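Both counts, for ligands and for their atoms, begin at 1 and track the order of listing. Quick caveat, the model's predicted, so the values are computed rather than measured.
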Amino acid sequence: MTNNEMVQLAVNTIRTLSIDAVQAAKSGHPGTPMALAPLVYTIWNRVMDFDPQDPIWPNRDRFVLSNGHASMLLWSVLHLTKTQAVDADYENLGHPSVSLDDIRRFRQIDSRAPGHPEYHWVSGVETTTGPLGQGVATSVGMAIAQKWLANRYNKTGFEIFNYNIYAVCGDGCMMEGIASEAASLAGHLALDSLCWVWDNNHITIEGNTNITFTEDVAARFLAYGWNVLRVGDANDIERIEHAIALFQKTKGRPTFIVLDSHIGYGSPHKQDTPEAHGEPLGDEEVKLTKRDYGWPEDAQFLVPDGVYDHFAAGIGQRGAAARQEWTNLFRAYREEYPDLAKEVEQMQRRELPAGWDRNLPSFPADPKGIAGREASGKALNVLAQNIPWLLGGSADLGPSNKTALTYAGAGNFQADTPGGKNLHYGIREHAMGAIVNGLSLSKIRGYGSTFFIFSDYARPAIRLSALMELPTMFIFTHDAMGDGEDGPTHQPVEHLASFRAIPGLVTLRPGDANEVVEAYRYIMQLRHKPAVLALSRQPLPTLDRTKYASAAGVAKGAYVLADAPDKNPELILIASGSEVSLAVQAHEKLVAEGVRSRVVSMPSWDIFDHQPKEYRDSVLPPDVKARIAIEQASTFGWERYVGDGGRVIGMRTFGASAPLKELQRKFGFEPDRVVATVKELLG
Ligand SMILES: Cc1ncc(C[n+]2csc(CCOP(=O)(O)OP(=O)(O)O)c2C)c(N)n1
Ligand SMILES: [Mg+2]
């Protein structure tokens with residue numbers, strides 16, 4: 001067999017595994033794997049420095065399949081390269097990530113070949129994709145990380161981080177706004193380790209793209225400042241390789257490759273049709289297609305002799321050599337730069353450096369107090385100095401969010417200053433969310449920030465953070481009616497409820513400056529969970545912690561802040577954020593009137609729900625039924641804590657444009673109103 005024949009055999013193995021898997025599952029997307037098999041073959045077997053024996057080696061090239069519906073492309077190459085499985089503790093499990101059996105059970109329960117690529121479920125998947133556009137946007141975060149890591153850790157003679165990021169995407173990704181946001185920023189930042197390949201097949205689900213998508217995509221990317229290349233035939237492996245070689249030589253710009261392809265390539269009746277996108281070909285068509293490929297018509301899940309060896313001789317050997325070379329380099333690096341080497345190692349395992357929480361502020365009691373966002377800025381500036389790889393920024397609201405790192409040397413991340421720790425995402429919240437994910441997937445402790453109301457624009461990426469179990473951080477300020485005169489367009493109502501509904505996401509709404517600090521202390525120790533912080537715009541009284549309980553209770557999600565004199569309450573006021581001090585004010589009045597009241601500060605439902613029952617019952621004794629929750633947000637969900645007999649003082653409508661004081665009066669967030677509700681409740 002000639003080498004060309006071997007290459008064709010390998011490409012057709014990817015195609016037929018994809019076809020057979022979709023056919024067996026009776027669902028899935030065969031057409032794009034059939035078209036892009038040569039591309040993925042080329043990137044994996046000829047280009048990428050990726051060692052299948054160690055899929056988490058830090059300087060590996062990254063591959064992102066943004067058109068995640070074509071997941072069979074990934075399952076095929078992960079299988080054919082015998083990529084190994086690793087667990088959440090980064091241990092190699094000594095067996096393949098995707099077995100042929102997994103592929104036979106494509107899209108079935110527990111198979112490591114699920115419908116779409118899932119990070120954390122299948123080793124070798126660099127990011128979860130499926131929601132179109134997320135993958136390419138995440139790849140921009142990976143490319144920012146590459147620049148930052150190279151700047152900090154590379155030294156003369158020690159290129160510790162010089163990897164490239166390859167992202168493959170389809171028309172859907174190109175249509176989604178998030179991709180435009182991310183591409184615009186990538187061009188501005190001159191991210192030349194980034195290469196996107198657009199599968200220009202003119203087909204989406206509803207038909208030919210002449211019904212929806214007729215813009216000049218290449219011109220758009222030229223305008224973004226990208227290096228734009230075109231390969232006119234997706235089957236031309238030499239041209240693909242050549243285009244990628246041009247990418248590798250291009251400095252100062254990311255590269256965009258337009259790849260003209262035929263969806264369902266080789267299928268006599270389905271090629272170039274929308275049916276090839278998301279339906280099995282059907283038994284007859286499968287046979288005809290295999291005949292076209294010169295494949296045995298009745299063979300299923302066939303990996304012909306020599307194909308595994310062919311991948312072992314390509315990516316296998318190249319990846320192993322690259323990793324070995326890097327490992328030797330890193331050993332020498334550790335001798336010369338032990339501190340930096342230690343950082344790299346800690347970061348890889350998502351550990352914190354010694355002394356990460358030293359100098360965190362503690363705020364004295366102060367009735368005038370300090371805004372949540374102000375306290376956050378102080379804590380963040382301390383943490384960013386203690387944790388070198390903690391970095392991030394805001395979507396153009398830094399001065400309001402107080403996320404700017406202002407200490408000497410923090411710097412701005414720009415094309416010519418890639419060591420800066422202040423990222424400027426621009427007004428691109430959705431891309432920001434994905435970029436934070438990309439940073440985190442690169443083991444940087446990344447954060448993003450905007451007003452809480454605009455978290456809506458980032459939610460799909462935050463949801464993926466939770467699905468991927470990434471320790472990302474989203475710092476949202478102007479968390480409630482504090483935005484006052486800006487009115488209902490700027491006042492979040494349903495946002496807390498919606499974040500609380502995302503599985504695995506930690507939502508925290510601290511009640512005063514010391515709770516803000518404790519929230520950060522908690523979040524920084526998370527290794528596999530994202531966190532959302534909702535912080536006040538306006539000053540909140542700093543509670544006297546000699547009189548009330550310590551803010552360290554934040555780590556339990558909810559805690560008894562102020563209690564009835566005999567610790568035997570007849571009434572419980574539960575509050576978060578700006579309503580904690582309101583509850584305390586009402587509590588003081590009630591206690592003075594002889595009501596046995598307790599105040600529970602509840603910054604996080606999620607954390608509280610994970611405490612042992614004993615603790616939960618000690619905070620909210622089951623026999624105390626008179627409970628009132630107070631929160632300047634949708635009342636949705638509070639029944640679970642106040643029960644049938646309780647009340648919720650919250651929002652049942654949108655807010656309004658007025659000074660905060662008037663809004664507090666209009667919507668009932670005043671001590672007297674709380675007291676009146678208590679009296680009504682206690683009869
Ligand atoms: C955000 C988002 N919207 C909609 C979908 C549903 N969807 C999956 S694939 C697809 C069509 C994608 O067309 P294209 O990217 O051109 O992929 P091709 O069929 O060419 O592979 C759609 C609408 C999705 N996965 N994500
Ligand atoms: Mg398409």
Visitor: Counting neighbours of CD on Glu206 that are heavy atoms of other residues, nucleotides or ligands and sit closer than 6.0 Å, is the number greater than 12?
Guide: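 Check fails, neighbour count at 12 or below.
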Visitor: Give me the nearest non-hydrogen protein atom to atom 1 (C) of ligand 1 as residue plus atom name, then the distance to 0.1 Å.
Guide: Glu176 OE2, 3.3 Å
Visitor: Using a cut-off of 6.0 Å, state whether more than 12 heavy atoms not belonging to Arg239 lie near its atom CZ.
Guide: no
Visitor: Is there an N/O/S atom in Ile203 that lies less than 2.8 Å from the Mg ion (ligand 2)?
Guide: yes
Visitor: Taking only heavy atoms of Thr204 into account, list the atoms of ligand 1 that are under 4.0 Å away from them.
Guide: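 Answer for ligand 1: 13 (O), 16 (O).
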Visitor: So, for Pro55 and Pro52, which heavy atoms are closest and what is the spacing to 0.1 Å?
Guide: CD-O, 3.9 Å
Visitor: Quick check: does Asn201 have an N/O/S atom under 2.8 Å of the Mg ion (ligand 2)?
Guide: yes
Visitor: What heavy-atom pair brings Ile240 and Ala234 nearest, and what distance separates the two atoms?
Guide: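 So the two residues come closest at CD1-O, 3.6 Å.
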Visitor: Identify the two heavy atoms, one from His310 and one from Asn3, that lie closest to each other, and give their separation to 0.1 Å.
Guide: CE1-OD1, 4.1 Å
Visitor: Using 2.8 Å as the threshold, say whether any N, O or S atom from Asp171 sits that close to the Mg ion (ligand 2).
Guide: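 Asp171 does place an N, O or S atom closer than 2.8 Å to the Mg ion (ligand 2).
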Visitor: Is any side-chain N of the basic residue among Glu285 and Lys270 closer than 4.0 Å to the acidic one's carboxylate O?
Guide: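 No salt bridge links Glu285 with Lys270.
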Visitor: Taking distance alone, with N or O pairs closer than 3.5 Å, would you say Asn67 contacts ligand 1?
Guide: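 Between Asn67 and ligand 1, no N or O pair is found under 3.5 Å apart.
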Visitor: Do other residues, nucleotides or ligands put more than 12 heavy atoms under 6.0 Å from the CG atom of Asp87?
Guide: yes
Visitor: I'd like the name of whichever of Asp171, Ile263, Leu132 reaches closest to atom 12 (C) of ligand 1 through any heavy atom.
Guide: Leu132
Visitor: Note the single closest protein heavy atom to atom 19 (O) of ligand 1, along with its residue, its atom name and the distance in Å.
Guide: His277 ND1, 2.4 Å
Visitor: Among all the protein's non-hydrogen atoms, which is closest to atom 14 (P) of ligand 1, and how far away is it?
Guide: Gly172 N, 3.5 Å
Visitor: Looking at ligand 1, is there an atom of it that comes within less than 4.0 Å of some heavy atom belonging to Asn201?
Guide: yes
Visitor: Give a yes or no on whether Tyr457 atom OH has more than 12 heavy-atom contacts from other residues, nucleotides or ligands under 6.0 Å away.
Guide: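 No, the 6.0 Å shell around OH holds no more than 12 heavy atoms from other groups.
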Visitor: Against heavy atoms of Pro131, which atoms of ligand 1 measure under 4.0 Å?
Guide: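 The list of qualifying atoms is 26 (N).
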Visitor: Verify the contact flag for atom 6 (C) of ligand 1, where contact means a protein heavy atom under 4.0 Å away.
Guide: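 There is no protein heavy atom less than 4.0 Å from atom 6 (C) of ligand 1.
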Visitor: Looking only at heavy atoms, which two atoms of Ile475 and Ser449 are closest? And how far apart?
Guide: O-OG, 2.7 Å
Visitor: State the atoms of ligand 1, each with its element, that fall below the 4.0 Å cut-off from a heavy-atom position in Thr32.
Guide: 18 (P), 21 (O)
Visitor: With ring pair (Phe, Tyr, Trp, His ring centres under 6.0 Å) as the test, pick out the partner of Phe63 among Tyr163, Trp196, Phe50, Trp44.
Guide: Trp44
Visitor: Examine ligand 1 and decide if any of its atoms is less than 4.0 Å from a heavy atom belonging to Ala70.
Guide: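 Contact check Ala70 vs ligand 1: negative.
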Visitor: Find all atoms of ligand 1 within a distance of less than 4.0 Å from any non-hydrogen atom belonging to Ile205, and give their numbers and elements.
Guide: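 Checking each atom against Ile205, I get 7 (N), 10 (C), 11 (C), 22 (C), 23 (C).
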Visitor: Which of the numbered atoms in ligand 1 are under 4.0 angstrom from any heavy atom belonging to Gly170?
Guide: 15 (O)
Visitor: Of the side chain and backbone of Met174, name the one, both, or neither that has a heavy atom under 4.0 Å from an atom of ligand 1.
Guide: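 Neither; nothing of Met174 gets under 4.0 Å from ligand 1.
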Visitor: Before giving the answer on salt bridge (charged side-chain N to carboxylate O under 4.0 Å, His left out), spell out for Lys290 and Asp298 the whole-Å C-alpha distance, their side-chain angles and the decisive distance to 0.1 Å.
Guide: CA-CA 9 Å; Lys290 285 183 178 167; Asp298 293 317; over 6 Å; no
Visitor: Give me the nearest non-hydrogen protein atom to atom 17 (O) of ligand 1 as residue plus atom name, then the distance to 0.1 Å.
Guide: His69 NE2, 3.2 Å
Visitor: Taking atom CZ of Arg463 as the centre, report whether more than 12 heavy atoms of other residues, nucleotides or ligands fall under 6.0 Å from it.
Guide: no
Visitor: Under a 4.0 angstrom heavy-atom cut-off, which atoms of ligand 1 come close to Gly130?
Guide: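 So the answer, numbered in order with elements, is 24 (C), 25 (N), 26 (N).
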